[in-house]
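Working notes, beginning with the structure itself.
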Number of protein chains: 2
Amino acid sequence: MAVTIKDVAKLSGVSISTVSRVINDSKPVSPEVKRKVLEVIEEIGYKPNEIARTLVTKKSYLIGVIVTDLADSYVADMVRGIEEVGKMYNYDILLCSTYGDKEAELKYIQLLNRKQVEGMILISDTINDEIDEKISEYSIPFVYLSRYSKFDKYPTVSIDYHFAAYEITKYLIKLGHKNIGFVGYLEDENSTQIEKYEGYSKAMEEMELDPSFIFETQGISIGHGYEALDQSIIKNELTALFCSNDEIAIGALNYCYDNQINTPEDISVVGFGDISIASLIRPKLTTVKEPFYDIGAVAIRRVIKELRKEDVGEKHIKLPYQIQQRNSCIKI
Amino acid sequence: MAVTIKDVAKLSGVSISTVSRVINDSKPVSPEVKRKVLEVIEEIGYKPNEIARTLVTKKSYLIGVIVTDLADSYVADMVRGIEEVGKMYNYDILLCSTYGDKEAELKYIQLLNRKQVEGMILISDTINDEIDEKISEYSIPFVYLSRYSKFDKYPTVSIDYHFAAYEITKYLIKLGHKNIGFVGYLEDENSTQIEKYEGYSKAMEEMELDPSFIFETQGISIGHGYEALDQSIIKNELTALFCSNDEIAIGALNYCYDNQINTPEDISVVGFGDISIASLIRPKLTTVKEPFYDIGAVAIRRVIKELRKEDVGEKHIKLPYQIQQRNSCIKI
DNA sequence: TTGAAAGCGCTACCAA
DNA sequence: TTGGTAGCGCTTTCAA
């Protein structure tokens with residue numbers, strides 16, 4: 001058994017109350033006594049049991065984080081932001097991955113609650129009613145993070161997808177491109193994919209360009225991007241492709257590579273997100289840089305503010321983004 | 001305040017002991033009473049407070065995981081393995097990232113201890129004496145995971161780096177390559193990089209080939225791989241490069257791309273690790289597949305076995321690996 | 001400035 | 001099969 005506050009009290013000849021006072025600096029303690037107690041603590045290497053502490057103070061200094069999959073680098077980036085800022089305020093992260101399993105998600109929400117987390121951050125593509133209900137039930141600070149979904153009942157942190165898509169399309173146009181295709185997943189009307197499409201078409205229409213070269217994907221992964229392309233990009237004399245996220249863009253790039261279509265010489269490709277691999281592949285991907293790390297950081301900052309009853313500001317926070325110019329895209 | 005066991009007891013007209021018995025199935029309870037209690041629990045949505053439970057049982061069902069950086073995909077993969085297997089045994093993960101800061105690492109080890117984690121897994125490149133001391137001090141199950149370091153005072157899970165390097169070099173030789181360069185970081189003699197070099201040179205020497213085309217890197221990142229290369233790969237008529245890890249290999253590939261050296265046509269490149277990006281880039285990287293996920297899974301399995309006083313087997317577990325053949329490497 | 005004691009929510013022992 | 005109760009390690013009144 002580890003040393004407890006009792007041992008410290010006994011060895012320093014004071015009551016446990018006094019020991020508690022010195023370790024928490026909560027009430028005045030005479031200098032000599034304080035010195036003595038500190039000495040004993042140092043000597044026997046006493047460390048307060050955080051569990052016992054939590055039981056009485058109700059402060060676990062734990063934030064539950066539920067993610068789909070850490071292997072998605074943007075998720076890992078968000079978690080980094082969450083963790084790093086959390087640590088600044090002494091909060092630790094209890095991590096759960098669902099791999100898209102909604103059952104598991106529900107289970108973890110309840111689990112985290114039982115573990116007395118003080119707040120929760122959910123990173124996932126969708127929220128269903130069951131989940132929604134549980135979250136409302138436990139009235140703890142909560143932030144929903146998704147690069148995909150527009151669900152806005154709960155606080156969120158994201159960027160302006162519509163405008164970002166608009167801007168990068170404009171950028172393409174400024175580079176001289178006229179026949180610009182859109183590659184993305186359009187089935188789900190409640191997704192940011194739609195917003196991106198709208199941004200794209202707005203930019204196109206403003207310049208009286210045709211926004212109907214659409215390659216619909218069946219999802220938002222690399223494979224989906226790869227599968228959505230076909231030789232019509234050549235037939236239609238497309239000179240550029242706006243892919244609704246980086247994964248799709250990489251799929252597109254790979255399709256081109258495998259079919260002897262040179263990028264960016266034959267066709268320029270831009271993505272959306274700036275996930276870590278975007279700058280590692282060749283050609284390096286021109287894309288919209290979503291500040292994933294900051295999104296996580298701001299999310300937990302909000303949770304902590306709420307915990308401290310500070311002003312939390314806007315419910316839906318929009319962060320700035322950047323157009324990240326690289327080599328997958330050239331002037332024509 | 002959330003509902004407690006007392007509320008359940010009161011509402012179902014039994015003692016808290018009885019309620020405790022039904023929620024833990026620890027002692028026989030008459031069917032009617034059990035039914036009644038369960039009913040009440042369901043009705044008021046009672047969930048046991050895990051903190052209180054932990055305080056008395058000493059079982060927190062928490063495993064502390066300290067990592068350098070989740071953004072390294074292999075780290076994320078290990079954490080996935082840890083988490084997923086942990087969940088099978090009801091264990092949760094308390095996650096801390098150090099970003100290579102040894103001070104922070106030490107701090108987190110202590111912190112996790114205070115949070116009463118039952119076991120700890122450290123994923124990092126090195127262990128220093130201070131850290132070592134703390135770990136020994138808290139005598140909880142511990143596993144050290146590193147793809148880089150050979151530190152073996154504590155239980156580890158890894159692969160046979162020497163033999164894997166030997167095998168992939170053999171593979172290159174079988175493909176017809178004779179002038180094979182080694183690219184890697186050789187400063188630190190306690191690293192697996194050295195083992196890989198030895199595996200490489202053993203394979204070369206066995207075939208009476210020259211193992212001295214060495215490109216020493218200053219580290220093991222993509223940038224380091226990029227910087228270590230120069231035109232001598234052409235001058236020396238090298239036809240293949242064995243890079244001591246995937247990052248270095250990708251750096252090498254990028255160097256070639258940027259200098260109009262075609263891969264694999266002009267030069268074959270193999271890596272080591274099979275980090276996620278390896279199969280995404282073009283050409284896809286031929287490499288040694290280290291089972292990162294399994295490494296994490298086996299590590300936590302060991303921790304849990306130790307916790308359950310089961311037989312833990314070997315202190316240093318070696319897992320199988322594979323040569324992952326892809327396109328960065330061709331027959332000549 | 002200090003100590004005694006109550007109590008956080010729960011488990012586990014003892015007695016009935 | 002049940003209830004009463006001590007106690008896990010700590011914080012926080014309340015009195016002294």
Side-chain angles (χ1 to χ4, degrees), chain A residues 1-38 40-41 44-62 90 110-118 138, chain B residues 1-38 40-41 44-62 90 110-118 138:
Chain A
M1 188 66 21
V3 293
T4 73
I5 196 170
K6 272 189 193 165
D7 302 311
V8 179
K10 201 166 295 169
L11 263 58
S12 37
V14 297
S15 71
I16 61 167
S17 326
T18 303
V19 176
S20 174
R21 279 169 202 131
V22 352
I23 59 184
N24 293 304
D25 243 334
S26 48
K27 292 240 174 137
V29 174
S30 73
E32 317 94 83
V33 171
K34 185 166 183 173
R35 208 185 34 71
K36 176 63 185 165
V37 170
L38 256 15
V40 171
I41 286 178
I44 64 177
Y46 167 72
K47 294 273 180 295
N49 179 326
E50 294 293 335
I51 294 287
R53 214 174 229 182
T54 297
L55 188 59
V56 13
T57 61
K58 305 278 168 244
K59 290 206 62 59
S60 65
Y61 285 99
L62 245 32
N90 279 314
Q110 302 181 69
L111 176 76
L112 290 176
N113 187 57
R114 288 196 276 122
K115 294 251 183 189
Q116 311 300 117
V117 298
E118 295 184 45
Y138 316 134
Chain B
M1 187 65 22
V3 292
T4 73
I5 196 170
K6 272 189 192 165
D7 303 308
V8 178
K10 199 167 296 169
L11 263 59
S12 37
V14 297
S15 71
I16 61 167
S17 325
T18 303
V19 176
S20 174
R21 280 170 201 130
V22 351
I23 60 184
N24 293 304
D25 243 334
S26 49
K27 292 241 173 137
V29 173
S30 72
E32 317 94 81
V33 173
K34 185 166 182 174
R35 208 184 35 72
K36 176 64 185 164
V37 171
L38 255 14
V40 171
I41 286 178
I44 64 177
Y46 167 72
K47 293 275 178 293
N49 179 326
E50 295 293 334
I51 294 288
R53 212 175 232 180
T54 297
L55 187 59
V56 14
T57 61
K58 305 277 167 247
K59 290 205 63 59
S60 64
Y61 285 100
L62 246 31
N90 279 314
Q110 302 182 69
L111 176 78
L112 291 175
N113 188 57
R114 289 196 276 122
K115 294 251 182 188
Q116 310 299 118
V117 299
E118 295 184 46
Y138 314 135

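In what follows, chains are A, B, ... by sequence order, proteins preceding strands, each numbered from 1. Since we're looking at a predicted model, the values are computed, not measured. Hydrogens, waters and symmetry mates play no part in the numbers below; they use all other heavy atoms, side chains included.
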Handout entry: Separation of atom CZ in B/Arg53 from atom C1' in C/dC8, rounded to whole Å
Key = 16 Å
Practice task
Let me know the distance between NZ of A/Lys6 and P of D/dC10, rounded to the nearest Å.
Solution key: 10 Å
Practice task
Looking only at side-chain atoms of A/Ile5, point me to the closest of D/dT13, D/dT11, C/dC10.
Solution key: D/dT11
Practice task
Take atom CD1 of B/Ile44 and atom C1' of C/dG9, then tell me their distance rounded to the nearest Å.
Solution key: 14 Å
Handout entry: 5' precedence on DNA chain D between B/Val33 and B/Ala52 (nearest-nucleotide basis)
Key = B/Val33
Practice task
Remember a base hit wins even if backbone is also touched, and classify B/Ile51 as base, sugar-phosphate or nothing at under 4.0 Å, heavy atoms.
Solution key: nothing
Handout entry: Donor-acceptor pair, side chain of A/Ser12 and main chain of A/Val14, under 3.5 angstrom
Key = no
Completion exercise
Against the side chain of B/Thr4, the closest entry in D/dC10, D/dG3, C/dC10 is C/dC10
Problem - Any A/Asn49 side-chain nitrogen or oxygen under 4.0 Å from OP1 or OP2 of D/dC8 - result: no
Problem - Integer-rounded Å distance: C/dT1 P and A/Arg21 CZ - result: 11 Å
Practice task
Return the nearest nucleotide to the side chain of A/Ser17; candidates are D/dG9, C/dG9, C/dG3.
Solution key: C/dG3
Handout entry: Nearest to side-chain heavy atoms of B/Lys58, which nucleotide of D/dT12, D/dC8, C/dA4
Key = D/dC8
Practice task
Could you tell me whether the side chain of B/Asn24 reaches within less than 4.5 Å of the side chain of B/Arg53, counting heavy atoms only?
Solution key: yes
Exercise for the section: Would you indicate, yes or no, if D/dT1 has its OP1 or OP2 atom less than 4.0 angstrom from a side-chain nitrogen or oxygen of B/Thr18? Expected result: no
Fill in the blank from the handout: Whole-Å distance, B/Tyr46 OH to C/dG9 P, equals 10 Å
Problem - D/dT11 phosphate, OP1 or OP2, under 4.0 Å from A/Ser20 side-chain N/O - result: yes
Problem - Distance-only polar pair, side chains of B/Ser17 and B/Ser20, donor-acceptor under 3.5 Å - result: no
Problem - Interatomic distance where CG belongs to A/Leu55 and P belongs to D/dC8 [whole Å] - result: 13 Å
Problem - Donor-acceptor pair, side chain of A/Gln116 and main chain of A/Lys58, under 3.5 angstrom - result: no
Exercise for the section: Answer yes or no: is there a side-chain heavy-atom contact under 4.5 Å between B/Val8 and B/Val3? Expected result: no
Practice task
Take the protein atom CD1 of A/Ile23 and the nucleotide atom P of D/dT12, then report the distance between them rounded to whole Å.
Solution key: 11 Å
Exercise for the section: Provide, to the nearest angstrom, the distance between the NZ atom belonging to B/Lys115 and the C1' atom belonging to D/dC10. Expected result: 15 Å
Practice task
Compare side-chain N and O positions of B/Lys27 against OP1 and OP2 of C/dT11 and report whether any pair is under 4.0 Å apart.
Solution key: no
Fill in the blank from the handout: Taking D/dT12, D/dG4, C/dT1 as options, the one with an atom nearest any side-chain atom of A/Ser30 is C/dT1
Handout entry: Residue whose nearest DNA chain C nucleotide is more 5′ - A/Ile16 or A/Pro28
Key = A/Pro28
